[in-house]
Amino acid sequence: MKVHVKNWHAIAQWRWDTGAADADDDGEGDVCGICRVPYEGCCPSCKMPGDDCPLIWGECSHVFHMHCLLQWIGTSSSKQQCPMDRRPWVTAERKVDRTNNAR
Amino acid sequence: MEQLTMSLAPARTSQKSAVSGSSGEGAGSVTKRLSSELMTLMMSSSPGISAFPKSDANLFEWAGTIEGAASTIYAGLTFKISISFPSNYPYAAPIIRFDTPCYHPNVDIVGGAICLDILQDKWSAVYSVQTILLSLQSLLGEPNNASPLNPDAASLWDTPEEYKAQLMKHYRPVNDEGSA
Amino acid sequence: MATEALQRQIQGKWQNSFARLNRDQQGITGLLGFSESWTLATDFLHPRDLNDPKANREWDMTQVRNAVETLSRSKMLPLLLENFLEEMRKQQYLITNDVNELMRQYENTEDIHHIARLIYRLLEWYRAWVPISELGHTILSAYTLTFQTHIYSTLPPSFSRGFKQLINATFDLAGTRTAPPWIPPTPAPLQSSLPIPRPDLPLWSSFEQLGMLDRYESLISSVCYEHIEAHILETCTRKWGERMLQPLREWMTNKIVPWMVMPYARGARTAEEARSMLQGVGSRFDFHVCKTLSDLRTREIFDIIIDFPDSQPALEDLKECLQRVDQRSQLVQTLRKANRKRLLHPGADTKDIIAQYVSIIRCLRLVDPPGVLLFKVADPIRRYLRERPDTIRCIVASLVGDGESGDSLVDENEPIQPLQQMQVEDYTDPSWEPEPIDAGPDFRTNKPSDVISTLVSIYDSKDLFVRELQVLLAQRLLAITDGNFDRERRNIEILKIRFGEAALQVCEVMLRDMTDSKRIDQHVQSQKNMILRPTIISRHFWPPLQAGKFTMPGQFKQIQDDYASEFHLFKPDKMLRWLPLLGTIHLEIELEDRTVPADVPPLEAAFIELFSQRDTWTVDELVASVGSVDRPAAIKALTTWVDLGVLKDEGGNRYRLLEVAEDGFSSSSGAPRPARIVEEVPAVLTVEQQQADQMKVYWKACFIEGMLTNLGMLPLDRIQTMLKFAPGYDRTVEQLGAFMEAARREGLVTASNGLWKLSKR
């Protein structure tokens with residue numbers, strides 16, 4: 001017997017590739033520490049998730065909605081520090097090299 | 001199911017955010033965050049700490065309750081606090097004061113003002129009402145006697161009997177009628 | 001002394017009497033003359049027997065008048081009258097005999113001619129016995145009174161019935177020109193005063209002379225009322241497609257008013273006079289027309305509403321009638337009762353209840369624009385709908401024009417407008433009007449708003465609608481395979497106007513996911529031709545979807561991974577997570593002797609793929625190979641292939657591939673039927689499923705405890721408003737009250753003076 005696939009309509013969700021190798025599958029997912037909205041949601045300033053409301057990675061490995069972090073860095077009380085660990089904020093380059101990027 | 005809540009729950013706040021425009025600086029985004037904090041707080045059931053908005057019309061003013069932790073000198077006492085959120089919360093810390101007179105090295109016995117680093121220069125946008133309440137609860141048992149708002153209290157800290165006497169002299173039990 | 005005085009007194013009186021009778025004439029000449037006059041007058045007045053021809057003699061009227069004159073001068077007229085009335089009483093049996101005879105004939109035949117004959121006969125008696133006018137008014141009225149007293153004491157109860165029938169017949173007579181033979185011709189002088197000849201005229205004047213118009217006044221009007229009622233029932237029942245009130249009023253003008261002239265305005269000399277005489281009674285009859293029509297329409301109201309909008313004229317009639325007669329509360333009672341009996345029962349479809357409710361809204365708005373009636377009628381319907389689990393779904397389905405149910409709820413002519421909230425009264429509004437007097441204390445000024453707003457306002461929050469809408473939209477979007485969702489986009493655009501842009505933001509994201517999926521797919525396909533076309537969705541913005549956790553085996557896994565790699569190349573900071581239970585796969589199963597095409601859900605595809613590795617599998621082996629799948633789902637998937645003749649259930653949870661078709665499924669016995677296995681399990685969890693969970697988590701204790709801890713004592717309504725902070729909270733204050741009561745019984749809270757607080761621990 002042979003199974004020929006003629007066409008296939010599938011449903012998938014997109015996820016930010018945070019490097020946290022799919023620890024959660026169905027859960028709420030991680031939230032941005034500043035606005036408390038999940039990464040795949042959008043920050044309070046945005047209406048559309050995804051490319052319009054991207055994430056930002058710090059060298060310290062903490063991740064936030066970009067808009068939330070930039071706003072925090074913009075305040076004087078932030079002292080340009082990561083709100084999580086209070087180390088000076090340095091934006092990390094995104095690593096694109098994932099061998100097994102989808103399960 | 002909770003994901004639905006996150007995206008849908010604050011329907012009325014999202015209306016406001018629509019009014020306030022796309023800048024996201026308006027009250028809408030703050031109420032959204034405050035609603036989410038309230039949810040978390042209500043769900044988490046941390047013993048001895050609690051807070052709730054004072055009225056349904058204004059999400060920026062909350063009333064809080066802190067019970068002294070067991071095995072501390074404040075054990076068995078309940079303190080009411082007021083929490084006032086700034087319009088740029090969480091980028092700035094909320095203003096918190098004790099409503100119940102609190103005899104404590106880092107609390108102004110008259111005005112209820114609190115000296116706590118995370119409420120001042122150590123504030124971070126990732127802190128929340130829950131973090132604050134927990135910090136305050138532990139502050140009760142572990143005062144910072146180095147920079148006291150109430151030097152008397154700081155000086156008595158090492159003599160628990162006298163300290164307790166002063167504490168109880170100022171303490172007023174929480175009165176239901178007055179607080180609502 | 002006393003005796004003497006008495007004698008003198010008697011003497012004086014006698015002298016007076018004598019002088020009066022003798023009229024100061026010589027000797028007793030006067031007395032003799034008096035005696036003659038008395039005899040003549042009493043003879044003349046004697047009530048004669050109509051049946052006795054001899055009694056009918058000629059009189060010298062001059063002599064009679066002189067005699068009366070004489071008696072009058074002797075002041076003996078009262079005595080004459082007394083004598084006459086006494087004579088009458090003796091003769092009354094003659095009338096009684098006639099009455100009995102004619103009534104007997106009527107009772108035997110029910111023929112009103114006998115009643116008419118009786119009337120005329122009575123009139124004959126009356127005329128035969130009437131005293132001449134010279135005797136003065138007093139005698140005439142005494143006579144009339146005595147005569148009428150007698151006949152009314154003689155007429156049997158059945159006379160009323162006959163009289164009513166006779167009056168009823170006059171409606172027809174009033175319209176004809178020629179009288180039936182049993183009515184005597186109208187005297188010429190009377191006739192000339194009428195614009196058109198009226199054959200019923202003599203009948204009416206007979207009634208009047210016999211005093212029947214006064215005596216039977218209410219009976220006459222009741223005949224007219226009944227006549228009106230019969231006419232309305234006959235012409236208007238179930239006739240809702242045209243206005244009836246105006247034709248009825250014309251009918252009144254043309255048929256009833258002319259008739260009314262006889263009983264109510266006979267004495268009028270001019271048209272003007274007649275009009276003023278008829279005014280009062282005419283208004284009473286017009287009122288009765290309105291009342292009768294209003295009663296009829298009230299009885300029919302439920303069906304009129306079903307028939308709307310064809311029945312609109314009937315409702316306009318009703319509106320006009322209700323302004324004239326106060327039958328509003330009857331209308332409310334009747335409609336509420338009909339709704340209870342015919343609408344609000346378990347057998348009725350929610351869809352139908354909503355449709356009828358919408359019709360009720362439209363109809364009652366027409367009848368009563370301020371909305372008091374609607375408020376009173378709608379209340380039980382709204383309460384009932386609130387209890388039905390699928391109400392929101394039905395409303396939402398009709399909002400987006402569900403194909404099968406049609407979009408009857410939304411009137412195309414009604415402009416799409418934002419939802420309107422119940423408004424607080426604005427007294428500065430120049431068009432403000434006080435509430436109608438029959439508005440109850442709980443009547444909320446419900447400014448006329450569109451139907452959708454009214455339906456949505458059944459619930460306290462529109463969030464539920466938006467959520468249901470999201471579920472419905474998700475179901476539709478996920479079923480789309482051709483990438484065409486224009487219809488959904490259009491619907492959302494319309495709904496944005498109603499619910500506000502912000503509320504539908506989530507739907508907006510869902511639609512954008514559809515567009516993005518298409519765009520991404522175009523890119524991926526341009527890089528590498530793929531048979532997989534996914535819909536890529538943003539989690540948190542779609543309703544919870546069935547998340548299975550199985551892994552597609554073999555080539556399917558390869559296809560998924562290939563696609564995901566291409567996706568990741570295109571969107572480096574994102575990755576894909578497949579929802580394995582959802583979607584459809586079009587397959588061709590190539591077997592030794594046949595090819596079976598099938599459209600199947602992923603699990604079916606996964607299983608058949610495994611059979612390409614080996615011919616026989618047990619259910620447990622299959623499940624173990626794909627991962628976490630529950631048994632019923634696995635068996636269902638296998639059954640699909642068994643039904644298609646591809647697998648065979650060997651028993652003992654064992655399935656075998658049929659490389660060669662068995663009997664009944666042989667390739668030669670017919671073309672393989674293309675199978676389309678429709679996803680029966682809804683991919684999207686319904687709002688109810690979600691809600692049930694929510695209630696458990698949020699609503700209970702947590703929020704209430706939180707607020708009572710921090711705010712002290714609170715009244716119930718305050719707790720209710722504060723609970724708006726609890727997401728998805730949608731209970732009524734009554735439900736909250738019951739919950740608090742239960743909590744009180746458990747000792748969690750206490751209540752005093754309507755204030756709730758936590759029990760002291």
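Residue numbers start from 1 in every chain, and the chains themselves are labelled A, B, ... in the order their sequence lines are given, proteins ahead of strands.
- In this structure, CD1 in C:Ile537 is found 11.0 Å from CH2 in A:Trp14, a value given to the nearest 0.5 Å.
- You'll find the side chain of C:Thr535 reaches within 4.5 Å of the side chain of A:His9, heavy atoms only.
- C:Gln560 contributes no side-chain N or O that, together with a main-chain N or O of A:Ala10, makes up a donor-acceptor pair within less than 3.5 Å.
- From C:Thr584, atom OG1 reaches atom CG of A:Asn7 across 9.0 Å, with rounding to the nearest 0.5 Å.
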Trace of the salt bridge (charged side-chain N to carboxylate O under 4.0 Å, His left out) decision for C:Arg512 with A:Asp52: CA-CA 12 Å; C:Arg512 211 199 51 169; A:Asp52 293 345; 2.8 Å; yes
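- Contact annotation for C:Phe556: both backbone and side-chain heavy atoms come within less than 4.5 Å of a heavy atom of chain A.
- A cation-pi arrangement is present between C:Lys574 and A:Trp16, with the terminal nitrogen or guanidinium carbon under 6.0 Å from the aromatic centre and inside a 45° cone about the axis.
- With a 4.5 Å cut-off on side-chain heavy atoms, A:Trp8 and C:Pro534 do not count as touching.
- With a 4.5 angstrom heavy-atom cutoff, C:Glu508 touches chain A via backbone and side-chain atoms both.
- Contact annotation: the side chain of C:Ile531 never approaches that of A:Lys6 to less than 4.5 Å [non-hydrogen atoms, C-beta and beyond].
- With a threshold of 4.5 angstrom between heavy atoms, C:Leu657 approaches chain A through side-chain atoms but not through N, CA, C or O.
- Of the atoms belonging to C:Met510, not a single heavy atom falls under 4.5 Å from chain A.
- Distance check, rounded to the nearest 0.5 Å: OG1 of C:Thr595 to CE of A:Met1 gives 12.0 Å.
- With chain A as partner, the option from C:Ala605, C:Ser538, C:Ser612, C:Ser517 having the largest number of non-hydrogen pairs under 4.5 angstrom is C:Ser538.
- Annotation: the span from C:Asp516 atom CG to A:Asp51 atom CG amounts to 7.5 Å, rounded to 0.5 Å.
- Heavy-atom pairs under 4.5 Å with chain C were tallied for A:Pro54, A:Gly41, A:Pro49; the largest tally goes to A:Pro49.
- Residue contact with chain A, scored on non-hydrogen atoms closer than 4.5 Å, is absent for C:Glu592.
- For the pair C:Asp573 and A:Leu55, the minimum side-chain heavy-atom distance is 4.5 Å or more.
- Counting only heavy atoms from C-beta outward, the side chains of C:Glu588 and A:Lys2 never approach each other to under 4.5 Å.
- Counting only heavy atoms from C-beta outward, the side chains of C:Leu587 and A:His4 never approach each other to under 4.5 Å.
- Between C:Gln505 atom CD and A:Cys42 atom SG the span is 7.0 Å, to the nearest 0.5 Å.
- Per-residue counts of heavy-atom pairs under 4.5 Å with chain A were compared for C:Leu591, C:Val646, C:Val509, C:Thr551; the largest is that of C:Val509.
- By the neighbour-count criterion of 12 heavy atoms within 6.0 Å, atom NZ of C:Lys648 is sparsely surrounded, having that number or fewer from other residues, nucleotides or ligands.
- Taking CD of A:Gln13 as the reference point, atom CG of C:Leu579 lies at 4.5 Å (rounded to 0.5 Å).
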